[in-house]
Amino acid sequence: MIKILSIFGTRPEAIKMAPLIKALKADSRFDTYVCVTAQHREMLDQVLKIFDIRPDFDLDIMKDRQTLTDITVNALIGLERIIKKLHPDIILVHGDTTTTFAGSLAAFYNKVRVGHVEAGLRTYDKYSPYPEEMNRKLTGAMADIHFSPTDTSRANLLREGVPEGNIYVTGNTVIDALKTTINKDFKFYTEELKKLDYDGKKVLMVTAHRRENLGKPLENICRALKKIAENHKNVEIIYAVHKNPAVRATVFGMLGNVPGVKLLDPLDVDEMHNLMDKCFMVLTDSGGLQEEAPSLGKPVLVLRSETERPEAIKFGTVKLAGADEKRIFEMANTLLTDEKEYLRMANAVNPYGDGRASERIIDSLLYYFGVSGTRPEDFRPPTNQ
Ligand code: UD1
Ligand code: UDP
């Protein structure tokens, strides 16, 4: 059996690792362990509950207003203890959080192989997104096997000198997750979502929380949302507000009493995905939402000036709005008033995956460890797109 330790710590990592962990656990060729750093607490536990994942180890490191150093140091110390006890054949990390970096560094220090899921995304701007761009580059430097979601991310790694044979194009596991959560008959359980008039109103789904947007950029975003609500009485803005106290202070302070804007706590992932499926459009600075919404045919305005996920921009479902009040308002206004433009963006496209990424990752691991002699075929976006 191949002994695998998966390490993650935040909401998006948990959502994107959940389908893979489920598939690994169901496969007798793997001895599967899960360690959470719990860089996030409530927001991580929400995901673990929905996907019914019980971690074998929980470092419980989250602190209020934690710094990057707090996360790195506490995760590294805790992870070393577990790696020394478990002696895994390989450690799997996901994406670009500080847990991802600390997990791969802990693996490297203990000479354990690293598999990087969602490998090769790049903006080539060291400070944007901060610290994620550096986290994924450093993780990529330590990884032995890279699971790139798309050809674009594979090409980034090749340019950086990663040997071709170590890269597998798998699609993004977030699409695997989405396939298990979306249900046409889904019943919302959060009161505000139960009561929403999904047919009569245009529901705008919002999340914004990134470190580089804290302060002035987030204030600009809030001003733009207020203006949208004031100018469009047929719009309901649903903003699921991240637990970060710095985010909550700004968002509740500026949008707390604005008619047409509902501020909710972080939603369980099943409600989030089904809300996305029913909404009119998405405004977000999140990476995961930029991948999910296109597959549901929902236009996305990205509240950042760059993205490491250019594929859906190419297909026209995602546009960069930045954190500029005027630009966000104008771009949202166009989509709310110009049906042609809306329909141009509202295309269901799947450049990020076909729901079989976990299967490809498992096949790649079996090939890498010599259990199977067949290298899995790379993921290719469906040809009709
Ligand atoms: C982290 C990741 C980011 C990822 C994001 C997903 C880093 C440096 N950042 O950013 O890459 O996109 O998660 O959401 O790895 N908090 C709670 N409860 C929770 C979660 C957070 O109270 O369940 C509060 C705590 O006060 C914490 C703060 O939010 O100190 C910030 O959390 P942190 O993980 O440091 O940063 P994020 O902005 O969530
Ligand atoms: N998400 C969620 N509840 C929320 C907001 C987001 O379940 O209230 C999900 C979302 O569907 C996506 C993931 O969390 O799968 C994105 O996480 P986040 O925005 O925290 O991180 P990022 O993707 O930017 O790293």
Side-chain angles (χ1 to χ4, degrees), residues 8-19 36-51 60-72 74-75 93-103 118 121 128-136 139 172-178 180-182 190 193 205-214 218 238-249 263-277 279 282-293 295-296 298 300 302-304 307-309 352:
F8 54 90
T10 67
R11 167 174 69 191
E13 293 164 82
I15 294 170
K16 292 169 163 185
M17 286 300 277
V36 295
T37 60
Q39 172 182 335
H40 283 176
R41 188 70 274 173
E42 307 91 310
M43 286 165 52
L44 172 74
D45 293 343
Q46 279 181 298
V47 182
L48 297 176
K49 182 189 78 191
I50 296 288
F51 288 104
D60 199 21
I61 65 165
M62 195 194 87
K63 289 204 290 198
D64 203 30
R65 292 181 189 255
Q66 61 205 357
T67 64
L68 299 176
T69 304
D70 290 329
I71 308 169
T72 312
N74 293 326
V93 292
H94 179 281
D96 55 16
T97 72
T98 296
T99 287
T100 316
F101 166 59
E118 200 181 85
L121 279 65
S128 189
Y130 171 81
E132 290 81 4
E133 177 70 4
M134 194 48 71
N135 284 342
R136 53 196 170 215
T139 300
N172 198 307
T173 53
V174 80
I175 307 297
D176 304 17
L178 204 59
T180 69
T181 49
I182 298 271
T190 295
L193 300 183
M205 224 205 65
V206 179
T207 74
H209 59 76
R210 304 205 70 81
R211 262 187 168 72
E212 66 272 19
N213 271 343
L214 296 181
L218 189 57
I238 304 290
Y239 188 157
V241 190
H242 191 288
K243 284 281 182 196
N244 188 342
V247 173
R248 293 177 88 82
L263 302 179
L264 306 184
D265 277 333
L267 294 168
D268 284 350
V269 58
D270 55 349
E271 282 205 307
M272 184 66 183
H273 286 173
N274 284 285
L275 176 61
M276 210 183 328
D277 191 35
C279 77
V282 175
L283 293 94
T284 189
D285 65 4
S286 152
L289 284 166
Q290 285 178 61
E291 294 155 345
E292 294 162 346
S295 81
L296 300 170
K298 304 299 172 173
V300 182
V302 176
L303 308 172
R304 294 165 52 181
T307 181
E308 57 291 273
R309 295 168 167 90
Y352 297 113

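Here, residue 1 is the first one in the sequence, and each next residue gets the next number. Every number for a ligand or one of its atoms is a count from 1 in the order of the listing.
- Atom 5 (C) of ligand 2 has its closest protein heavy atom at Arg11 NH1, 3.2 Å.
- Considering backbone and side-chain atoms together, Glu132 places an N or O closer than 3.5 Å to an N or O of ligand 1.
- Nearest protein heavy-atom neighbour of atom 12 (C) of ligand 2: Glu292 OE2, 3.3 Å.
- For atom 21 (O) of ligand 2, the closest non-hydrogen atom of the protein is Pro12 CG, 3.3 Å.
- Closest approach of Leu44 and Ala14 over heavy atoms only: CD1-CB, 3.6 Å.
- Looking at Leu44 next to ligand 1, no N or O pair under 3.5 Å apart turns up.
- Taking each of Asn244, Thr98, Thr207, Thr37 in turn, the one with a heavy atom nearest to atom 29 (O) of ligand 1 proves to be Asn244.
- Of the N or O atoms in Ser286, one or more lie within a sub-3.5 Å distance of an N or O in ligand 2.
- Listed by atom number, the atoms of ligand 1 under 4.0 Å from Met43 heavy atoms are 19 (C), 20 (C), 23 (O).
- Residue His242 places no N or O, backbone or side chain, under 3.5 Å from any N or O of ligand 2.
- Numbered from 1 in the order shown, with element, the atoms of ligand 1 that lie under 4.0 Å from a heavy atom of Thr97 read 11 (O), 15 (O).
- Distances from atom 7 (O) of ligand 2 to the heavy atoms of Ile238, Val269, Leu289 put Val269 nearest.
- Comparing His242, Lys63, Gln39 by heavy-atom distance to atom 34 (O) of ligand 1, the nearest is Gln39.
- Nearest protein heavy-atom neighbour of atom 9 (C) of ligand 2: Ile15 CD1, 3.5 Å.
- In this structure, atom 1 (N) of ligand 2 lies nearest to the protein heavy atom Met272 CG, 3.6 Å.
- Contact atoms of ligand 1 toward Arg210: 12 (O) (distance under 4.0 Å to a heavy atom of the residue).
- Near Pro245, with a cut-off below 4.0 Å to any heavy atom, the atoms of ligand 1 are 24 (C), 26 (O).
- Within ligand 1, the atoms closer than 4.0 Å to a non-hydrogen atom of Ile71 are 35 (O), numbered from 1 in the order shown.
- Residue His273 has at least one heavy-atom neighbour below 4.0 Å for each of these atoms of ligand 2: 11 (O), 15 (O).
- A salt bridge does not link Arg210 with Asp285: none of the charged nitrogens is closer than 4.0 Å to a carboxylate oxygen.
- In this structure, the protein non-hydrogen atom closest to atom 8 (O) of ligand 2 is Leu267 N, 2.8 Å.
- Short contacts between ligand 1 and Leu68, defined as distances under 4.0 Å to a heavy atom of the residue, involve ligand atoms 8 (C).
- Near Pro131, with a cut-off below 4.0 Å to any heavy atom, the atoms of ligand 1 are 8 (C).
- We find the CG-NE2 distance between Leu303 and His209 to be 10.5 Å, quoted to the nearest 0.5 Å.
- Residue, atom and distance of the protein heavy atom nearest to atom 22 (P) of ligand 2 are Gly287 N, 3.6 Å.
- Short contacts between ligand 2 and Arg210, defined as distances under 4.0 Å to a heavy atom of the residue, involve ligand atoms 24 (O).
- The protein heavy atom nearest to atom 23 (O) of ligand 2 is Gly288 N, 2.7 Å.
- Every atom of ligand 1 is numbered from 1 in the order shown, and the set under 4.0 Å from a heavy atom of Arg41 is 19 (C), 23 (O).
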